[in-house]
J.: 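Below is one structure. I have some questions about it.
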Amino acid sequence: MRRLLLWMFAIAMAIDVAYWAIWFTHRDWLASEHREAYYQFENAFPLADGWLGIACLLAFVALWRGRAAATFWVACAGSAGLYLFGMDVLYDLEHGIFAKGGGGVVEACIVTLTLVFSLVALRYSWTRWQGNVPISSSGSESRPARG
């Protein structure tokens, strides 16, 4: 699974960089609409995608080095991806983007890959989470007694 995640993060970072490089240099290659509202919507994503890229990079490095922090960064990347998926797919469904030629196909691939990526990352981190500390009814952290 570690090897799959390393590949997954490397590919995600490459796609992220390639997408934004193309978007800002040859927008027509990717755009499934040519309305100002669509451009404004897409232009709202670079910061969030940048955070996803940073989380992917830190998850990649932590996994590569076998660090305990990998679980945290994998969860960050998975949750960032799931959030971006939700934002993107809702807009696309509301505006019929998936039915708009080649750009719609590209968009459908992006949201599908984002969903699969996010679910795999979140499943991995959930099954390996070691740092969970139960919260008592008073709201403070309570650690289980060691025996």
J.: Quick one: closest heavy-atom pair of A48 and L84, and the distance?
T.: CB-CD2, 3.5 Å
J.: Are L4 and M13 linked, directly or through intermediate hydrophobic residues, by side-chain heavy-atom contacts shorter than 4.5 Å (ILVMFWY only)?
T.: yes
J.: Shortest non-hydrogen contact from D16 to D49?
T.: OD2-O, 2.8 Å
J.: Rounded at 0.5 Å granularity, tell me how far OH in Y91 sits from CD in E33.
T.: 5.0 Å
J.: According to ring-ring contact (aromatic ring centres under 6.0 Å, His included), who are the partners of W7, at least two apart in sequence or on a separate chain?
T.: none
J.: Do D88 and E107 pass the side-chain contact (heavy atoms from CB on, under 4.5 Å) test, and can you show the C-alpha distance, the side-chain angles, and the key distance before you say yes or no?
T.: CA-CA 9 Å; D88 221 4; E107 194 63 32; 2.7 Å; yes
J.: Using the rule that Ile, Leu, Val, Met, Phe, Trp and Tyr join whenever any side-chain heavy atoms are under 4.5 Å apart, tell me whether L57 and L52 fall into a single cluster.
T.: yes
J.: If you compare all heavy atoms of F117 against all heavy atoms of A77, which two are closest, and at what distance to 0.1 Å?
T.: CE2-O, 3.7 Å
J.: Of the non-hydrogen atoms in S118 and G81, which two are nearest, and what is the gap between them?
T.: OG-C, 2.9 Å
J.: Listed by chain and number, what are the ring-ring contact (aromatic ring centres under 6.0 Å, His included) partners of H26, not counting sequence neighbours?
T.: W29
J.: Linking I/L/V/M/F/W/Y whenever any side-chain heavy atoms sit under 4.5 Å apart, do V106 and F24 land together?
T.: yes
J.: Taking ILVMFWY side chains as joined if any heavy atoms are under 4.5 angstrom apart, and letting links pass through other members, which residues group with V17?
T.: none
J.: With clusters built from Ile, Leu, Val, Met, Phe, Trp and Tyr whose side-chain heavy atoms come within less than 4.5 Å, directly or transitively, what are the remaining members of the cluster of W126, listed by chain and number?
T.: none
J.: Do you reckon I11 sits in the same ILVMFWY cluster as W64, going by side-chain contacts under 4.5 Å, direct or chained?
T.: no
J.: Closest approach of A12 and C56, non-hydrogen atoms and distance?
T.: CB-SG, 4.2 Å
J.: State the OH-CH2 distance between Y83 and W51, to the nearest 0.5 angstrom.
T.: 14.5 Å
J.: Residues sharing L115's hydrophobic cluster, by side-chain heavy-atom contacts under 4.5 Å among ILVMFWY, directly or via others?
T.: L82, F85, V89, L93, F98, V111, L119, L122
J.: Is it the case that over 12 heavy atoms from other parts of the model lie below 6.0 angstrom from the CZ atom of R123?
T.: no
J.: What's the verdict on side-chain contact (heavy atoms from CB on, under 4.5 Å) for V61 and R67, showing C-alpha distance, side-chain angles and the deciding distance?
T.: CA-CA 8 Å; V61 170; R67 304 271 194 240; over 6 Å; no
J.: Going through the checks in order, is the side-chain contact (heavy atoms from CB on, under 4.5 Å) test met by I97 and Y38?
T.: CA-CA 10 Å; I97 299 296; Y38 174 73; 4.3 Å; yes
J.: Decide if atom CZ of R3 counts as having more than 12 heavy atoms of other residues, nucleotides or ligands within a radius under 6.0 Å.
T.: no
J.: Minimum heavy-atom separation for L63 to R2, with atom names?
T.: O-NE, 2.9 Å
J.: Side chain of N43, backbone of Y39: donor and acceptor closer than 3.5 Å?
T.: yes
J.: Quick one: CG on L5 to CZ on F60, what's the gap to the nearest 0.5 Å?
T.: 11.0 Å
J.: Under the side-chain hydrogen bond (donor to acceptor under 3.5 Å, both in side chains) test, which residues partner Y19, sequence neighbours left out?
T.: E42
J.: Side-chain heavy atoms nearer than 4.5 Å, only ILVMFWY residues, links allowed to pass through others: does that put V105 and W23 together?
T.: no
J.: To the nearest 0.5 Å, what is the distance between OG (S125) and CH2 (W73)?
T.: 13.0 Å
J.: From L58 CG over to F9 CZ, what is the distance, rounded to the nearest 0.5 angstrom?
T.: 10.5 Å
